[in-house]
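Note that the structure is predicted; figures quoted are calculated from it, not measured. First listed ligand is number 1; within each ligand, the first listed atom is number 1.
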Amino acid sequence: MTEIEQIEKVILDEKNKTFLILFHINPDGDAIGGALALKFLLERHFNKTVFVYSNNAVPEKYKFLPASESINHDKNLPKSDVTIVLESANIARTGYSAEDLDTKFLINIDHHQTNDFYADINWVESSRAAVSEMLYLLYKGLGKNIDKDAAVGLYVGILTDTGRFQYSNMKPEIYDILKELVNIGVDINFVYRNVYGRKAKTYISFIKSLLDDMEFYCDGKLAISYIDEKTIDEFNISVDDMDGAADYMRDIENVEVSVFIKPNEPGVYKFSLRSKGKIELDKLASSFSGGGHKFAAGFELETDNILDAKNIVLPKVIEVVK
Ligand code: 5GP
């Protein structure tokens, strides 16, 4: 049986009435868009009761997605028959601990290189551009129509996880999926304006600080920068402002690898690693207990301050880049 057939069996089982959808902390467009498309599949085509949980608030730029307001931030949700975890290497990455999770059946759907295969069904395919591509295939496999609300979620997932259709995970067949989603009614311009075209004024302060602190190593092949707690407070910089910082540095001429560091919670720093495509970064991220893809990966590090975090990691990155 394929994973889609196994998932179909679980969905068709009348005893499975309540579903919980989880995704990784600090969710991106693929996590949120994909989760909402999956929610519509289960609710509208199979009459299931569905809860979506996010550890963090939905970023402003994804609030236009239909039903984004239904995403819960409270862990005290009713017990679920089935939990479906999207885009997460392990349960802890969702912000839910394995003990908190009270469910009879667990399904893991992911397109990351690094995944612990922790569920009853593990559908993990790192060749897929986005989890939203996999959920599109789930709709097709189950023979269900994608409605406009679901199409927008899937489109946003693919748009954001392929870096606006330009990363190496783009494949010709993705354009066929996009064509279908646009024909269903996705408004490309409206989506773009929401996701990328609404930078706050504080974004300018962020970019200024990012550039002020940027350093180059390895003959300009490595760019590294950070934002500290003081600057975030002083300029009221939001999580949205910081989005895409590592991509911004990666796109500089001669840079092969970029590293962006930001505070996550007191004493915990989040690293975002990006590569233009020659140097692989997933193993480096795994060596710090993180993960991701070959050319876009990340991890967290506990240290006293952000400069310590940078000084611990920098020699290891230089080792990989030089
Ligand atoms: P970003 O830098 O955009 O947060 O993440 C880049 C990629 O690495 C994403 O696919 C993301 O899921 C993955 N990633 C980032 N941080 C972590 C982490 O702490 N653990 C794991 N397993 N993956 C991560």
Side-chain angles (χ1 to χ4, degrees), residues 22-35 54-56 59 61-62 85-96 108-119 122 124-134 156-164 166-170 195-196 210 223-227 239-251 257-265 267-277 279-303 309 312-313 317:
L22 302 176
F23 44 68
H24 59 79
I25 55 171
N26 303 321
D28 53 17
D30 194 25
I32 296 173
S54 172
N55 191 66
N56 309 83
K61 61 182 165 188
Y62 299 126
V85 186
L86 302 178
E87 285 235 296
S88 303
N90 45 54
I91 298 284
R93 200 154 147 65
T94 65
Y96 243 87
N108 160 22
I109 305 179
D110 193 12
H111 73 122
H112 286 93
Q113 201 91 349
T114 37
N115 188 286
D116 292 350
F117 285 71
Y118 48 86
N122 295 287
V124 179
E125 283 190 64
S126 62
S127 63
R128 298 290 170 200
V131 91
S132 293
E133 181 193 355
M134 300 172 77
V156 166
I158 296 172
L159 171 75
T160 53
D161 253 35
T162 58
R164 311 183 204 183
Q166 46 89 22
Y167 290 163
S168 56
N169 56 0
M170 267 310 279
V195 178
Y196 297 112
L210 183 85
I224 184 164
S225 192
Y226 62 87
I227 184 104
V239 179
D240 272 11
D241 291 335
M242 296 183 233
D243 227 34
D247 308 64
Y248 188 93
M249 292 191 283
R250 176 206 54 208
D251 291 344
V257 168
S258 63
V259 178
F260 172 63
I261 319 164
K262 67 179 178 192
N264 229 9
E265 52 190 271
V268 181
Y269 296 94
K270 166 78 209 291
F271 283 71
S272 282
L273 314 175
R274 296 291 185 273
S275 167
K276 263 199 186 116
I279 298 168
E280 298 184 3
L281 300 168
D282 49 331
K283 289 189 191 69
L284 177 67
S286 299
S287 72
F288 285 100
S289 304
H293 307 282
K294 275 188 194 148
F295 305 130
F299 59 89
E300 289 179 352
L301 190 67
E302 282 184 42
T303 50
I312 290 169
V313 173
V317 189

**OP:** Report the residue from Thr114, Asp110, Asn115 that forms a side-chain hydrogen bond (donor to acceptor under 3.5 Å, both in side chains) with His112.
**Re:** Asp110

Original post:
With sequence neighbours excluded, what pairs up with Arg128 under the side chain to side chain donor-acceptor pair (under 3.5 Å) test?
Top reply: Glu125, Glu133

Subject >> Residue pair Asp161, Tyr167: steps toward the side chain to side chain contact (heavy atoms under 4.5 Å, CB included) verdict >> reply: CA-CA 8 Å; Asp161 253 35; Tyr167 290 163; over 6 Å; no

**OP:** Go through the side-chain N and O atoms of Asn169 and His111 and say whether any donor and acceptor fall under 3.5 Å apart.
**Re:** no

Original post:
Any idea which residues sit under 4.0 Å from ligand 1, heavy-atom distances?
Top reply: Ala89, Arg93, His112, Lys270, Ser272, Arg274, Gly290, Gly291, Gly292, His293, Ala296, Ala297, Gly298, Phe299

**OP:** Output, in order, the C-alpha distance, side-chain angles, deciding distance and verdict of side chain to side chain contact (heavy atoms under 4.5 Å, CB included) for Ile224 and Ile261.
**Re:** CA-CA 8 Å; Ile224 184 164; Ile261 319 164; 4.3 Å; yes

Subject >> Approximate separation, where rounding is to 0.5 Å, of Leu284 CG and Ser275 OG >> reply: 11.0 Å

